[in-house]
Amino acid sequence: MSTKGTEADKESLRVLLVEDNPADVELIRLELQRDGFQVQSDVAEDYAQLEEKLGGADYDLVLADYNLPGCRGMEALELIQRKALQTPVILVTGALGDVTAVECIKRGASDYVLKDHLARLRVAVGRALQETRLQTQKREAEKQLADKVEELARSNRELEQFAYVASHDLQEPLRMVANYTQLLADRYQEKLDANAEKYIRYAVDGAVRMQTLIQDLLAYSRVGRRGLHLKTVDANLAVDEALQNLRTAIEESQAVVSHDRLPCIVADNSQLVQLFQNLIGNAIKFCGPEPPAVTISARNTADHWIFSVLDNGIGIAPEHAETIFVIFQRLHTHAEYPGNGIGLAICKKIVEQHGGKIWVESELGKGSTFHFILPITKPGTERRTT
Amino acid sequence: MTSAAEVLLVDDNPADSDLTCEVLTGGREQLQVRMVSDGVEAFAYLHHLGKYSGAALPDLILLDLNLPRRDGRAVLADIKQNASLRKIPVVVFTTSQAAQDIARSYELGANSYVTKPGNLRDFVSAVKSLEEFWLRFATLPVEENHD
């Protein structure tokens, strides 16, 4: 690349002149100097010299005559392109037919200047150097981008490693606490007073809650980590699978869950199941005195499906309609409704990963309806993103 | 099986191996439980090295994955690549629920993979059902020198 020379304002220019006529070499050199460049030049008089010079040094610019002894201009151009891809080439030549000129530009020459119009050299050189600078900047920007992508991939790998550590190394000591406090309670039942039993219950309960919390956090981090495996999914089957997973809760609460005929959509199946499972699970958990009744429906606009999960539960005050989707946000104590505030955060993450949106319509004591919209993706756009 | 069945526990966490041992021996009088706490010890035990020169081969191995010195995966690979050890059923019994650990263990030839349950009741019932399945219902290869 060109750098500022020792002479204050002059831009130094390392140029290779491919020219067999010594008079032309001198003229071009003079022209460049007049244009304000501090010129350092090498001369190649034929193909062999050109090959040798290109192998030996970096040039800011190559100025080449189209007609060299022993080779055609196009061959010289190809050689330059091959040996010094980033270096701009300007043909400085005698009369060149339009067809040849166009062909040269196509093959990568930056410009061409006729020898009897050398005054145009300044503009051509300036433009070629500028172009090269821009391309260098672009390459650097692309490299930076590639570096960032690599950095991101590395940080993802670290996150995975962390998730693994969380799943193993954090759970093991927790299990020890839970198992052995429970064992204490079992083995020494007669020797302990009521207080001791209560303390043990608290300790076990704390450990168990911590275990659930870690499991749920892992589930939350997995939603982003595994990427989307998009394919056409029958939402009816996704709901059925969610209900299957919830069967104990459904039986215990005597919940009635019904759904309309739901569409087939392009989605990640396991995430869609999880989404329905969390929403239906919440509808069952946060029920009022009546057994829970949950209805799932779907309708479409031109480009979206709108799914709704309606329940007859305790409802949510409007001021909490947003915060319930934030991780760890809870509106109730553990004694009232157990949980750790991750379920709806997972729902939000799943819906947003699918390019959709989730919200709730509710009033305290009047049940809730969770809506989520998913864009309608044309079949055949099945893809896998990571 | 007429002679006392032998189980080898490979686990670096005494809290887990003590509990497992207690559950196993609590159910059967005729059961020997041997415990080693890392992969190198497990290797020595199975190859009758050093202080284990007189050790009999176990009928069942419960193997933790994350072990000091020599990893459980390497121990599993050793066992399943060795002609005289390969037939011993190896149950990977570990805290890890990671999909890659499960897949890797089966690839290496684990006979089953059981995640240690997080609460006492399930832990006890998991160990009991492992014992019941592998030492009572499953038919295991008879060692030739026992014939």
Side-chain angles (χ1 to χ4, degrees), chain A residues 156-189 197 200-223 225-227 229 248 270-271 274 338 340 386, chain B residues 9-27 35 37-39 62-69 71-76 92-105 110 113-130:
Chain A
N156 261 339
R157 283 195 297 274
E158 282 171 9
L159 196 67
E160 260 171 57
Q161 184 56 27
F162 175 77
Y164 181 82
V165 168
S167 76
H168 183 270
D169 292 16
L170 294 181
Q171 302 222 50
E172 186 162 302
L174 263 178
R175 196 183 58 246
M176 289 162 66
V177 173
N179 280 354
Y180 278 86
T181 40
Q182 189 59 55
L183 200 58
L184 258 182
D186 290 356
R187 291 282 164 83
Y188 300 91
Q189 210 165 18
E197 277 177 23
I200 286 173
R201 204 172 59 242
Y202 287 160
V204 173
D205 186 43
V208 169
R209 263 162 60 183
M210 183 74 133
Q211 285 169 337
T212 323
L213 186 62
I214 291 171
Q215 291 294 335
D216 290 354
L217 266 177
L218 280 176
Y220 181 77
S221 82
R222 226 177 279 131
V223 172
R225 220 155 28 82
R226 291 218 173 136
H229 302 256
T248 315
S270 67
Q271 292 196 9
Q274 168 120 62
N340 49 36
T386 47
Chain B
L9 286 186
V10 189
D11 199 325
D12 63 321
N13 184 348
D16 282 349
S17 48
D18 282 357
L19 189 56
T20 309
C21 178
E22 197 173 310
V23 177
L24 286 173
T25 51
M35 295 190 270
S37 58
D38 66 46
L62 297 189
L63 175 69
D64 191 8
L65 281 187
N66 295 306
L67 294 170
R69 298 214 285 166
D71 190 70
R73 298 158 192 84
V75 175
L76 178 59
V92 172
F93 192 47
T94 178
T95 311
S96 169
Q97 301 167 6
Q100 73 263 32
D101 282 341
I102 298 167
R104 184 85 189 112
S105 298
Y113 187 105
V114 177
T115 300
K116 290 174 183 170
N119 67 72
L120 185 67
R121 210 181 55 196
D122 290 348
F123 190 99
V124 169
S125 115
V127 175
K128 276 189 175 152
S129 40
L130 282 177

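Owing to the predicted nature of the structure, the values given are computational and were not obtained by experimental measurement. Every chain is numbered from 1, with letters handed out A, B, ... down the list of sequences.
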- Message: Need one label for A:Q182: side chain, backbone, both or neither, based on atoms under 4.5 Å from any heavy atom in chain B.
- Response: both
- Item | Contacts of type side-chain hydrogen bond (donor to acceptor under 3.5 Å, both in side chains), residue B:N119, not counting sequence neighbours | B:D122
Between [atom1] of [X] and [atom2] of [Y], what distance do you get to the nearest 0.5 Å?
{"X": "B:L120", "Y": "A:Y180", "atom1": "CG", "atom2": "OH", "answer": "9.0 Å"}
{"X": "A:L183", "Y": "B:E22", "atom1": "CG", "atom2": "CD", "answer": "6.0 Å"}
{"X": "B:N66", "Y": "A:E172", "atom1": "CG", "atom2": "CD", "answer": "8.0 Å"}

- Query: Taking everything shown except B:M35 itself, do over 12 heavy atoms lie less than 6.0 Å from its CE?
  - Reply: yes
- Query: Is there a donor-acceptor contact under 3.5 Å linking the side chains of A:Q171 and B:T95?
  - Reply: no
- Note on the structure: Heaviest contributor of heavy-atom pairs below 4.5 Å to chain A, chosen from B:T115, B:L19, B:V124, is B:L19
- Message: Could you report the tightest heavy-atom contact between A:A178 and B:G118, atom names first, then the distance?
- Response: CB-O, 3.8 Å
